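Read the structure below first, then the notes.
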Number of protein chains: 2
Amino acid sequence: MDTRVALLSCALQLFAARGYDAVGVQEIVDAAGITKPTLYHYFGSKRGLLEAVLTPPFTQFNQQVQAAAVYSGDLPLTLKRVAEAVFTFARENPGFYRLQLALWFAPRDSEGFQVVSSLNRQAHDILEALFAQAVQQHGNMRGRQRAYAATFLGMLNTYAAMALNGYTQLDAALVEQAVHQFQHGIYS
Amino acid sequence: MDTRVALLSCALQLFAARGYDAVGVQEIVDAAGITKPTLYHYFGSKRGLLEAVLTPPFTQFNQQVQAAAVYSGDLPLTLKRVAEAVFTFARENPGFYRLQLALWFAPRDSEGFQVVSSLNRQAHDILEALFAQAVQQHGNMRGRQRAYAATFLGMLNTYAAMALNGYTQLDAALVEQAVHQFQHGIYS
DNA sequence: CGGCTATTATACCGATCGGTATAGTTCCTG
DNA sequence: CAGGAACTATACCGATCGGTATAATAGCCG
């Protein structure tokens, strides 16, 4: 069982650092100190390994976004909670978040995108549902739930990418700034 | 010379559809109807081919963003022009824009990111300079030029990615909505 | 102990990887 | 026409690709 975990850890690290396609199976098993048949015993294929690497943290991520996105009538507070949840997860799982971002923007026909798309779609749907609920209090948002979900997540991911490259830090101040900017724009 | 153009065209199409690492040199030359030595005569290496594919459209893109980003004291108008320039370019060069987005989010150690990073940085710097100028009229934006440049471009790219996947259209109405949302938030 | 399942290594598969040595062809210039 | 530069094909390089057949080992259950 330890071997399985070691494989997942090495694979995540290598995929995040150099890309799924650019990392060979041999390199992963070397890093884990084992041989190829062991990897194929556990995961069946390289794609299976990628799925096993991504699914658990993605499930956890979506759960935490879901928990943060329960709408109680206070949209600013909810958005802040969501931003906190996303930033916290990105900060605590930088390798996963890097990989997830890279695969989300990967070509549609690539294995990586196919594996990540449904998982990523869930987070989007959670946010879209949140904005759809908020429309009841904020009528003039009507019809833009999808755009808001996409741009809010896009903004959080932009900040997360900046942080992953050392340009900023995903702290409470950035949560505040991001949520404020998203709600009220750039002039105030 | 025609051969060179055919190679660039085939390479862009394949890279955009399936990813730089996932596409082999053999496949590119087959698609172009030539053989490998011809490719290596023109571009020297696979990386050189990628640079030749990306640099001209990227230069053109940055020029058009630069032209749109000249600040005449009217920030809303300038932002609208920039958004129009970005959307128009993405609409007219979907393959390039897809590839550029994918490589921008690719791992730092990957060849693709290294090739695209400096080119992409230029667009960011143009926007950062724009916001730095605008601070003179809009003092309360002070200190956030970098964040605004990143999030404005991030928002435009989010919409561009949505459009590339068929979820929206990069038309004048979307320009209006994006610029309005960026300036005034989601409530109005 | 016997037998069973899970796990792991050795050694190998055909295919493809990026890249090149050699030579032929074409075309422009003197 | 001679000669050189530009271009392109045949055929090949060692390395690596994802994946596997075989078998040895290990631990558990009876």
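Not measured: the values here are computed from a predicted model. Protein chains get the first letters and strands the later ones, always in sequence-line order, with residue 1 at the start of each.
- Picking from dA9(C), dG19(C), dG18(D) the nucleotide with the shortest atom distance to the side chain of K46(B) gives dG19(C).
- Comparing dT8(D), dT10(C), dT20(D) by their nearest atom to the side chain of T35(A) picks out dT10(C).
- Distance from the side chain of Y42(B) is smallest to dC7(D) among dT7(C), dC7(D), dA9(D).
- Under a cutoff of 6.0 Å and an axis angle of 45°, K46(B) and Y20(B) form a cation-pi pair.
- Within 6.0 Å of CD on Q145(B) lie more than 12 heavy atoms contributed by other residues, nucleotides or ligands.
- No contact: V29(A) has no heavy atom under 4.0 Å from any strand.
- Among the nucleotides dG18(D), dC17(C), dT8(D), the one closest to any side-chain atom of Q26(B) is dC17(C).
- The phosphate of dC7(D) has OP1 or OP2 within less than 4.0 Å of a side-chain N or O from H41(B).
- Side-chain N or O atoms of R91(B) include one that pairs as donor or acceptor with a backbone N or O of L170(B) at under 3.5 Å.
- N62(B) and Q66(B) share no side-chain donor-acceptor pair at under 3.5 Å.
- For T38(A), a side-chain nitrogen or oxygen approaches OP1 or OP2 of dA9(C) to under 4.0 Å.
- The shortest distance between the side-chain N/O atoms of Y40(B) and the OP1/OP2 oxygens of dT8(D) is not below 4.0 Å.
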